[in-house]
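Down below is the structure, laid out as structure tokens.
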Amino acid sequence: MIIHPFGGGVASAHGLGKNHLGGKGANLHEMAGIGLPVPPGFVIPTPVCADHYAAGGTLPPALLPEIAAGIGHIETAVASGARFGDADHPLLVSVRSGARVSMPGMMDTVLNLGLNDATVLGLAARSGDARFAWDSYRRFVQMYGDVVLGIDHYLFEDALEYAKEDKGVSLDTELDADDLKALVAAYLGIVEREQGAPFPQDVTAQLHGAVAAVFGSWRSERADVYRRLNDIPEDWGTAVTVQAMVFGNRGETSATGVAFTRDPSTGERGYYGEYLLNAQGEDVVAGIRTPQYLTRAAREKAGAKAASMEEALPVVYAELAALFDLLERHYRDMQDIEFTVEQGKLFVLQTRSGKRTAKAALKIACDMVEEGLIDQRTAILRVDPAMLDQMLHPTLDPAAKRDVIVRGLPASPGAASGAIVLDSETAEKRAAMGEDVILVRVETSPEDIAGMHAARGILTARGGMTSHAAVVARGMGRPCVSGAGNLAIDMNARSVRFGGVELAEGAVITLDGANGEVMRGTVATVQPELTGDFARLMLWADAHRTMAVRTNAETPADCATARSFGAEGIGLARTEHMFFSPERIVSVREMILAADEAGRRAALAKLLPAQREDFRAIFGIMAGLPVTVRLLDPPLHEFLPQREADFADVADATGVGVDVLKRRNAELHEFNPMLGHRGCRLGVTFPEIYEMQARAIFEAAVAVAQEAGVAPLPEVMVPLVGTRRELTLMKAVIDAAAEAVFAETGVRVPYLVGTMIELPRAALRAGEIAEDAEFFSFGTNDLTQTTLGISRDDASRFLGVYVDKGIYAHDPFVTLDVDGVGELVRIAAERGRAARPGLKLGICGEHGGDPASIAFCQTLGLDYVSCSPWRVPIARLAAAQAALR
Ligand code: PEP
Ligand code: MG
């Protein structure tokens, strides 16, 4: 037997697999194999496709009797008495393609095959619906004419339009049976004119023609292109499935619907779905009629009148409900089922894993472990880590109406509504009065931190996914939309223009940080719940992962949040973020603008106690967990005074004239600050800065060790190292500060000194650098910027086009460019470990919270990933999945 029949208790090729049966054919056999009532049919397997081409594009003669036998199987299995080509009780079939992998829309399908001038009358009489019969025939002639006979489909479409014009109506549904009968005559005329022969009335000839056409579509131009783009070999071929058509529109005992085996939005056990009595699937999709509830309970809960399926078709409903358990036991997942009831007989057309919300995904995974359907491992692998974002931020009510005024990048997830404020000070003031505000800026700088903290959300006109606004907002868990190109801010008029809409400061807007939309007014939100299932799955994940998960945090609040989400240490505390509070900024500027070392030391002395207190707080919260403190790394321009008042403040504090300060300021101007005097270059030129910071770290560590009795684990990290010598010099400064503090206090604490690897040179020379470094932390934000030569703050202007054109598969600032940047990370890891076995390796760029990048880190055997507090649960799950895979 060449063909493989299924349905009516038969699953002849169950287990033969997709390569032989095609994806669709294999699914149908699997469904038939577990006893689901699928409409019967047969599969002509993929190898026949090659035979067809070998025979010069005609069906192999041996296939013809088999097709006849297949039709015989369908006639027996439908058990309704319908026969293929029978004028009184016709059987109709569909003919579909199906390759090993799905190639959506690439190949051809023919529906309602088996209709002709005689059988259409039988169908009309049997169904009691002449309009339905003639409409089916009309569709069939058009589809067959187009797909099998190669007649331009617009000829049919034109004829349909004329028919509607003649009648003076605009919708297809307004044509009655007689109109459609006339239209069929017109269609048959078109076919005869175009191909010089009448439309085939012999149903067997129709079927042979359709099978040959489906095989032919495997080598159609569009399929060829698709195969080339997706690396699908031509010799795979397609299978052909011939299957009985079933109709849900044959009276009040017929219906069509969709069902889920559990509630896809909550995950609750219980049947869930919709159906329409006496309708075809199309009627549901077209939204012409409102679907009714599946269960009586759901109908009553909604206060709906129209009978539920449980009430209208109780026997079939019971049959369907019994299938749900069968399906879940077999597929071991929540299923989304399409079904049709034809005159009281239930058919399952399709079943697949149902889409679900994060909340439902967690509940279903946990419940199924409890029910013994899946193990913990499967549960961990089944929840998409990226989805957990939904659980960690308030989100917009999906049912709420949106008046979108501008779009930007989805820089930090969550939703926020509030009044527009245009500067940080206003944000703080109005927030202090209890108002919800959204900080709207061209771009943000570290000076805006307080305002960003005060705001509910942040919107910027410039900046990409790793711009300051984006990084800080994610760290704080504030929703942020960045790089909204159509946003213009007028600081004089204190207003904002969103394309055509102008809004004054104080007007209320809403941000959706999950998709980058900005709406006018307030949009209702729903509060996330950290349910027990969430916590449970996280613990299972922890038991399976091998990489630790740390956080990027420097404020006590963020550290505490991260710990509550399960962070196992700090992978990056950016100390420059500690320098921007209003009390400190003057001393910072004093330090930078100082004319000599003595001036700098005087300013640093004022900062030391504040830094020490910062570190004390962090070490206290992290209670013995490792804390990586990065020494100062600001692009200098972010610190420099901008306004007259700023200069006056520094002049007051130092006694140096404003003119002198301005001159010094001008000298410090840089054309390309990201590649300028930042990172350890600051420490190399002004070692006293790192000396002060190191002292603050060790004084704090000693104090906490004495007070709390648990020694903190400081890991002092030097940024932007490119050569070993830079690290050698900085390590000497750090070690000297440590020894000085230990000598003064008589207490020693353990510590490590290491470096960020965030320049290509550092990655390549990692072998030497590891001689001095006790750990590496991959700063993949800068490493991406410097490897690709793309500014992280300016990328948003063109990167979208680059992704659209497939130049980069993803935004490389979000998902690590494994081929380029990843190669450097691999080289650095290998060379570093070769020089220093046991070298601790981590990642602290934004990629540390991205599941695909985390999977790559696992392949390199990194010790930990570090990400913003709000992504810690995502990283825990992603790391577990990476380890399990
Ligand atoms: C990095 O460059 O990846 C990094 C973590 O440092 P920053 O983002 O502060 O430059
Ligand atoms: Mg960096």
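Ligands are counted one by one from 1 in listed order, and the atoms in each one are counted from 1 as well. Nothing fancy with the numbering, it's 1 onward along the sequence.
In this structure, Arg612 pairs ionically with Glu699, as a charged nitrogen and a carboxylate oxygen lie closer than 4.0 Å. At a threshold of 4.0 Å, the pair Arg616-Glu613 counts as salt-bridged, since one of the basic side-chain nitrogens sits closer than that to a carboxylate oxygen. Residues Asp542 and Arg876 are paired through a salt bridge, judged by an N-O separation under 4.0 Å between the basic side chain and the carboxylate. Taking a cutoff of 4.0 Å between a charged side-chain nitrogen and a carboxylate oxygen, Glu590 and Arg601 do not qualify as a salt bridge. A salt bridge is defined here as a Lys NZ or Arg NE, NH1 or NH2 lying under 4.0 Å from an Asp or Glu carboxylate O, and Arg724 with Glu768 fails to meet this definition. The residues Glu568 and Arg550 are annotated as not salt-bridged, no charged nitrogen and carboxylate oxygen being separated by less than 4.0 angstrom. With salt bridges taken as basic N to acidic carboxylate O contacts below 4.0 Å, one links Asp863 and Arg833.
Heavy-atom separations between Glu846 and ligand 1 are all 4.0 Å or longer. Using a 4.0 angstrom heavy-atom cutoff, Gln785 does not count as in contact with ligand 1. Within the structure, the closest approach of His577 to ligand 1 does not fall below 4.0 Å when heavy atoms are considered.
To the nearest 10 degrees, the angle centred on the Mg ion (ligand 2) between OD2 in Asp782 and OE1 in Glu758 reads 100°.
Between Phe778 and ligand 1, not a single N/O pair is under 3.5 Å apart. The distance criterion of under 3.5 Å between nitrogen or oxygen atoms is met by Arg574 with respect to ligand 1.
Listed by number with element, the atoms of ligand 1 under 4.0 angstrom from any heavy atom of Arg678 are 10 (O). Residue contact check: Cys844 has heavy atoms under 4.0 Å from atoms 5 (C) of ligand 1. Under a 4.0 Å criterion applied to the non-hydrogen atoms of Asp782, ligand 1 contributes the atoms 1 (C), 2 (O), 3 (O), 10 (O). Every atom of ligand 1 with a heavy atom of Leu572 under 4.0 Å away is listed here by number and element: 5 (C). Which parts of ligand 1 touch Met756 is read off a 4.0 Å heavy-atom cut-off, strictly below it: atoms 4 (C), 5 (C), 6 (O). Interface of Arg792 with ligand 1, defined as ligand atoms under 4.0 Å from a residue heavy atom, comprises 2 (O), 7 (P), 8 (O), 10 (O). Counting the atoms of ligand 1 from 1 in the order shown, those under 4.0 Å from a heavy atom of Gly845 are 3 (O), 5 (C).
Atoms CZ and OG, from Arg441 and Ser482 in turn, are 15.0 Å apart once rounded to the nearest 0.5 Å.
At a 4.0 Å heavy-atom cut-off, ligand 1 touches Thr780 through the backbone alone.
The shortest contact between atom 6 (O) of ligand 1 and any protein heavy atom is with Arg630 NH1, 2.9 Å.
For the pairing with Arg792, the side chain to side chain donor-acceptor pair (under 3.5 Å) check across Thr786, Thr784, Asp782 returns one residue only, Asp782.
Under the 6.0 Å distance and 45° angle rule, Arg584 does not count as a cation-pi partner of Phe579.
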